[in-house]
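Here is how names work: the chains are called A, B, and so on, in the same order as the sequence lines, proteins then strands, and each is numbered from 1.
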There are 2 protein chains.
Amino acid sequence: MKPSSAVGGPKFRREAPELRRDELIAATLACLKKHGHDGVSVRRISAEAGVSMGLITHHFSGIDALLAEAYEALAMRLLTQNSEHAFAAGADPYERLHRYFTGSFTPEAIDPAVFRIWLVFWSLVPHSKTMRAVRERTYGRARATLERLLAGLPNAQGLRVEAAAIGLSALMDGLWVELSLNPRSFDAATAVALCDDWVQALASGSLRGLRVQSPVTARRHARIVAP
Amino acid sequence: MKPSSAVGGPKFRREAPELRRDELIAATLACLKKHGHDGVSVRRISAEAGVSMGLITHHFSGIDALLAEAYEALAMRLLTQNSEHAFAAGADPYERLHRYFTGSFTPEAIDPAVFRIWLVFWSLVPHSKTMRAVRERTYGRARATLERLLAGLPNAQGLRVEAAAIGLSALMDGLWVELSLNPRSFDAATAVALCDDWVQALASGSLRGLRVQSPVTARRHARIVAP
DNA sequence: GGTCTTATTATGCGAGCGCATAATAACGCC
DNA sequence: GGCGTTATTATGCGCTCGCATAATAAGACC
């Protein structure tokens with residue numbers, strides 16, 4: 001019973017555009033979470049939001065624009081809450097990184113349903129310049145956050161922090177993908193431990209290619225282009 | 001002009017079921033490569049194979065079965081060719097692993113179009129028990145291959161090889177995902193170097209949680225359940 | 001309280017989808 | 001060379017899709 005229960009009541013609410021846009025974005029994420037790719041549908045999303053189809057084309061230039069905004073909303077939400085969680089910890093760089101890891105492998109973070117949302121967005125990246133731009137931005141932010149965290153390590157000045165962020169980011173993503181596809185393949189604590197160990201190895205200089213000015217570095221590591 | 005050029009020639013070829021099945025599997029992969037999720041369509045796949053729709057339901061129990069077989073075919077092909085490439089190298093464990101890495105980050109391996117195939121398959125995993133089984137099997141094989149390669153390291157008896165395979169597999173996958181989404185974010189050589197460095201750190205015992213019997217190991221690393 | 005803006009709904013159109021069912025013809029077999 | 005098996009095609013049905021267009025009404029403003 002969506003319409004107002006009062007018989008003569010208004011048949012719909014007229015909301016501020018920005019509010020309605022947020023509702024539609026939330027409905028989009030809910031829809032992708034429920035139905036995966038089949039959730040990419042004007043009809044489904046509008047039904048999820050409890051409004052009629054036309055509202056989507058009214059508030060957005062099209063479904064693509066709505067998807068891009070949903071992508072950005074989800075990515076930014078996760079990024080900020082994770083980094084806040086990490087930086088809220090004390091000044092100990094290892095502890096901060098550890099917090100970042102634990103926050104990245106919580107049960108909610110490795111929810112297979114949430115992973116399916118990402119799969120949808122990723123699959124749209126090659127087609128849409130907008131989606132690509134969102135991904136570049138969010139990936140860049142994730143790497144920047146890791147760089148900041150890694151820069152706090154005792155011997156950070158002797159480390160190629162940008163390259164290290166690439167590696168650590170990949171390690172985390174790989175663990176996250178695997179856990180999302182099969183939460184039973186290994187424990188979240190294992191994932192956190194693997195990340196902690198990697199940081200430890202980095203800090204101790206055991207990841208040779210990630211040390212600055214290493215003669216072997218210039219040969220083995222190609223130049224990193226703009227993220 | 002698909003039908004035979006001779007006017008009175010046969011209108012279609014009657015092929016051995018197994019051959020036709022292979023053709024349909026190949027057409028499925030080609031279709032997913034071209035169209036992503038929109039390629040999951042009886043009409044599109046059959047058109048790609050140059051046959052009529054009905055053949056799919058005739059040779060397979062349904063589109064789901066065809067997709068599962070295509071998934072397995074692609075995964076097994078990549079797995080075998082990569083591991084053959086690695087084991088073909090000499091007995092030096094580092095060299096073998098290095099070969100495995102380089103083979104995993106060739107331009108063909110990080111083709112965004114191929115990545116889209118995987119996205120489709122991954123998105124089907126939560127729904128289909130068959131797809132899940134295929135994924136379990138292929139992921140297990142990938143880990144087993146890495147375990148074999150890591151077991152060749154000098155101090156392998158002092159290492160938790162199964163746990164190490166999880167970490168290395170995740171690192172590789174994470175790098176592969178990122179490169180597939182944006183081949184320009186960093187160089188393939190960087191990815192290989194990061195993997196090599198990780199192996200080096202592992203072999204030198206710098207990844208503390210991956211050493212056997214370490215007192216900290218039991219605390220930090222939870223037990224690994226069946227892959 | 002009338003009026004105007006515009007957020008919102010309702011409806012129709014054409015196309016593509018999966019699936020089922022019937023018709024057809026290639027090719028092995030004797 | 002006719003015959004039977006079955007691989008293969010052709011066709012139709014009901015559904016949902018995205019998109020466009022017209023009709024409606026909520027709520028602000030004076």
Side-chain angles (χ1 to χ4, degrees), chain A residues 1-25 27-28 31-32 34-68 70 120 123-124 127-128, chain B residues 1-25 27-28 31-32 34-68 70 120 123-124 127-128:
Chain A
M1 171 153 41
K2 199 196 115 254
S4 158
S5 52
V7 177
K11 294 177 181 171
F12 57 87
R13 278 189 50 123
R14 198 183 168 94
E15 299 223 23
E18 193 160 346
L19 278 182
R20 193 61 94 185
R21 287 171 59 94
D22 289 346
E23 286 182 20
L24 287 172
I25 289 172
T28 301
C31 226
L32 296 186
K34 280 186 194 167
H35 309 108
H37 288 92
D38 298 337
V40 183
S41 154
V42 177
R43 282 179 159 86
R44 274 198 152 101
I45 294 174
S46 52
E48 174 77 31
V51 298
S52 82
M53 305 183 338
L55 264 198
I56 289 181
T57 50
H58 181 70
H59 286 288
F60 298 87
S61 67
I63 183 97
D64 292 339
L66 173 56
L67 286 169
V120 175
S123 73
L124 296 173
H127 294 324
S128 156
Chain B
M1 171 150 43
K2 199 195 115 257
S4 159
S5 51
V7 178
K11 296 179 181 171
F12 56 88
R13 276 188 54 119
R14 199 182 166 94
E15 299 222 23
E18 192 160 347
L19 279 182
R20 195 60 95 184
R21 287 170 60 94
D22 289 346
E23 286 182 21
L24 287 172
I25 289 173
T28 302
C31 226
L32 296 186
K34 281 185 195 170
H35 309 108
H37 287 92
D38 298 337
V40 184
S41 153
V42 177
R43 282 179 159 85
R44 275 198 151 102
I45 294 173
S46 52
E48 175 77 29
V51 298
S52 81
M53 305 182 340
L55 264 197
I56 289 180
T57 50
H58 181 69
H59 286 288
F60 298 88
S61 67
I63 183 98
D64 292 340
L66 173 56
L67 287 169
V120 175
S123 72
L124 265 36
H127 294 324
S128 157

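- Within the 4.5 Å cutoff, side-chain heavy atoms of A:E48 are placed close to those of A:K34.
- Nearest to the side chain of A:H59, among D:dC19, C:dG18, C:dT8, sits C:dT8.
- One atom, NE2 of A:H58, and another, P of C:dT9, lie 11 Å apart when rounded to the nearest Å.
- Taking atom CZ of residue A:F60 and atom P of nucleotide D:dG18, one finds them 15 Å apart after rounding to whole Å.
- Atom CG in A:L19 sits about 15 Å away from atom C1' in C:dT8, given to the nearest Å.
- Taking 4.0 angstrom as the limit, A:S41 places a side-chain polar atom (N or O) nearer than this to OP1 or OP2 of D:dC17.
- Nearest heavy-atom pair across B:A70 and B:T28 is CB-CG2, 4.0 Å.
- Note: CG (B:L24) to P (D:dT8) measures 9 Å, nearest angstrom.
- Atom CE of B:M53 and atom C1' of C:dC17 are 9 Å apart (whole Å).
- Using a 4.0 Å cut-off, no side-chain N or O of B:R13 falls inside it from OP1 or OP2 of D:dT8.
- C:dC19 atom C1' lies 15 Å from atom CG of B:L55, rounded to whole Å.
- Protein atom CD1 of B:I56 is 12 Å distant from nucleotide atom C1' of C:dC19, rounded to whole Å.
- When the side-chain nitrogen and oxygen atoms of B:R44 are compared with OP1 and OP2 of C:dC17, one or more of them lie within a distance under 4.0 Å.
- Put simply, the residue from B:L55, B:I25, B:L67 that forms a side chain to side chain contact (heavy atoms under 4.5 Å, CB included) with B:F60 is B:I25.
- In this structure, the CD1 atom of A:I45 is 11 Å from the P atom of D:dC17, given to the nearest Å.
- Inter-residue side-chain proximity for A:L24 and A:V51 is flagged as met; some heavy-atom pair is nearer than 4.5 Å.
- Between B:R20 and D:dT8 there is a side-chain polar atom (N or O) within less than 4.0 angstrom of OP1 or OP2.
- A salt bridge links B:E23 with B:R20: the closest approach of a Lys/Arg side-chain nitrogen to an acidic carboxylate oxygen falls below 4.0 angstrom.
- The side chain of B:V51 lies closest to D:dT9 when the candidates are D:dT8, D:dT9, C:dC17.
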